[in-house]
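Data first, discussion second: the structure below is written as structure tokens.
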There are 2 protein chains.
Amino acid sequence: MKPYVLIAEDEDALATLLEYNFQKEGYDVSIARDGDEALLLAAERTPDFILLDWMMPKLSGIEVCRRLRRKSETRSTPIIMLTARGDETDKITGLDYGADDYVTKPFSTPELLARVRALLRRTQPGILDDVIRQGDIEIDIKAFRVKRGDKEIHLGPTEFRLLDHFMRYPGRVFSREQLLDSVWGRDVYVEARTVDVHIGRLRKALKNSGGPDPIRTVRSAGYAFEISS
Amino acid sequence: MKPYVLIAEDEDALATLLEYNFQKEGYDVSIARDGDEALLLAAERTPDFILLDWMMPKLSGIEVCRRLRRKSETRSTPIIMLTARGDETDKITGLDYGADDYVTKPFSTPELLARVRALLRRTQPGILDDVIRQGDIEIDIKAFRVKRGDKEIHLGPTEFRLLDHFMRYPGRVFSREQLLDSVWGRDVYVEARTVDVHIGRLRKALKNSGGPDPIRTVRSAGYAFEISS
DNA sequence: TATTTTTGTGACAGTTTTGTAAAGCTTATG
DNA sequence: CATAAGCTTTACAAAACTGTCACAAAAATA
């Protein structure tokens, strides 16, 4: 639903500040205090982009960056490096290792947010859009509305987030666990089968407005959203 | 293009707050820390209106006011005086010396902004829109009036600002917290549920004049104003 | 075909969120 | 100083939503 950012930063004050600002700006945020944690969180739920501090305990930013690039899920995830001023060499090295942009500390929050928006627009087109359309289904995130053809569709909060998630990644198959992570939230404990129930509800709502069922069940794997446009 | 406001206020915290809020609202802002500076800045570029603190170093607000009135460029520039509560005499004197309105501290930012808009509409016609219309609902900020169809609607101040805000951003969903920020004021502490009560009153008032409820409840998210035109 | 595994779905009990009337206060007004 | 108007909070009822379960249906497997 919201763009999901992973912030890897060991300095507490900065991490909190960033978390606050990005949340306020409308992002889902996770904070990692060291390199290990960053990799862990990134594996749990693939972020839409990553803020990576250059200097961190356990694994340095550059090492994290390199490892992320080795996995298929995060190979193309945009990464912004946070470096101390003056380390010009860091920039070179960082970009070498696959960072997409870098920002020197200290930076102003609006500046960073602007950089992030620019990066997202460049690399993840559509992720900042308010309206997503797939076939005859249209979802407006800011207005919390769903339409199929001309008909308004009412969805409960969970079904809305679920559809939102699916429509951002059309065709991709998500396991129940993945859906729980990214739609319900990492820390919530619910039965995997609960996903089925909500899928059912979503299907019913979408069917009421006519047209084929856009959700495909992938037996023993999960669900995917597909619709011919 | 943007209205240009000169803010003369020596108290740092308040000056910064005002600067931030007026900029966010789309004004060009200059800050003067004392009376001398205020006159200087006003001479440099004639403001569209002036916020003038009553108590200031060097030249008091009232003296600044009087001198501004002597120059042809600023003779008719709207001036809002900021005074401490209780100084009833200030009001009289201030208006005598040519202030157009006065606001007692402490005030909430949205309240001040509303006063400013009203003043600008009264004195600088055309610089802002007077009326906003959505569907059959019409709000006249200058006159503090609301009409639905032909019927006059009476609203309390809070409901008025609430409707004003909604009609400026039709279709968009605002959380209770956002509404508290932009309608009540960043600094005011009020229960989130209070918003519900005012929404209820606004709905009732609008319903009395017939037609559908233009306010949509978005469960677990907030409210939005929508009406078919 | 019989058996096992996986998915679809109606029912339901519990929880969360919203609508609203009533009460207590504060501020404006004459 | 009394009255009126408007604001916030509270409490309770209604409505919407949630997660789980049980069982039916479908698909895979033997």
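Chain naming here is simple, since letters A, B, ... match the order of the sequence lines and numbering starts at 1 in each. Computed from a predicted model, the values in this text were never measured in an experiment.
Going from atom CG of B/Leu202 over to atom P of C/dT20 covers 12 Å, rounded to whole Å. For B/Leu155 and D/dC7, the CG to P distance is 10 Å, given to the nearest whole Å. Residue B/Lys204 contributes atom NZ, which lies 15 Å from atom C1' of D/dC7 at whole-angstrom precision. When the C1' atom of D/dA11 is taken as reference, atom CG of B/Asp196 falls 14 Å away, rounded to whole Å. Between A/Arg203 atom CZ and D/dA26 atom P there is a gap of 13 Å when expressed in whole angstrom units. As rounded to whole Å, 10 Å separates atom P of D/dT20 from atom CH2 of A/Trp184. Between A/Leu162 atom CG and D/dT18 atom P the separation is 11 Å, expressed in whole Å. One atom, CD1 of A/Ile199, and another, P of D/dT18, lie 13 Å apart when rounded to the nearest Å.
Ring geometry for A/Phe174 versus A/Tyr169: interplanar angle over 60°, hence perpendicular rather than tilted (30 to 60°).
For A/Arg69 (side chain) and A/Arg75 (main-chain N/O), a donor-acceptor pair under 3.5 Å exists by modelled atom type.
If you check every strand for non-hydrogen atoms under 4.0 Å, B/Tyr223 touches sugar and phosphate atoms only.
Between A/Ser220 and C/dT6 there is no side-chain polar atom (N or O) within less than 4.0 angstrom of OP1 or OP2. At least one side-chain nitrogen or oxygen of A/Arg176 sits closer than 4.0 Å to the OP1 or OP2 atom of C/dT7. The phosphate of D/dC17 (OP1 or OP2) has a side-chain N or O of A/His154 nearer than 4.0 angstrom. Proximity of B/Thr217 to the phosphate of C/dG19: a side-chain N or O atom is located under 4.0 Å from OP1 or OP2.
Of the candidates D/dT10, D/dT18, D/dC7, D/dT18 carries the atom nearest the A/Thr158 side chain, counting heavy atoms from C-beta on. For B/Val190, the side-chain atoms get nearest to D/dT9 when compared with the rest of D/dT20, D/dG6, D/dT9.
For B/Val195 and B/Arg219, each mapped to the nucleotide of DNA chain D holding its nearest heavy atom, the one lying further toward the 5' end belongs to B/Val195. Sequence order on DNA chain D of the closest nucleotides to A/Gly156 and A/Glu191 puts A/Gly156 first from the 5' end. Between B/Arg193 and B/Arg201, it is B/Arg193 whose nearest contact on DNA chain C lies nearer the 5' terminus.
Counting heavy atoms from C-beta outward, B/Leu119 and B/Ile80 have side chains that approach closer than 4.5 Å. Annotation: side chain of A/Phe144 is not in contact with side chain of A/Pro157 (no heavy-atom distance under 4.5 Å).
Defined by atom type and a distance below 3.5 Å, a donor-acceptor pair is present between the side-chain atoms of B/Arg203 and B/Thr217.
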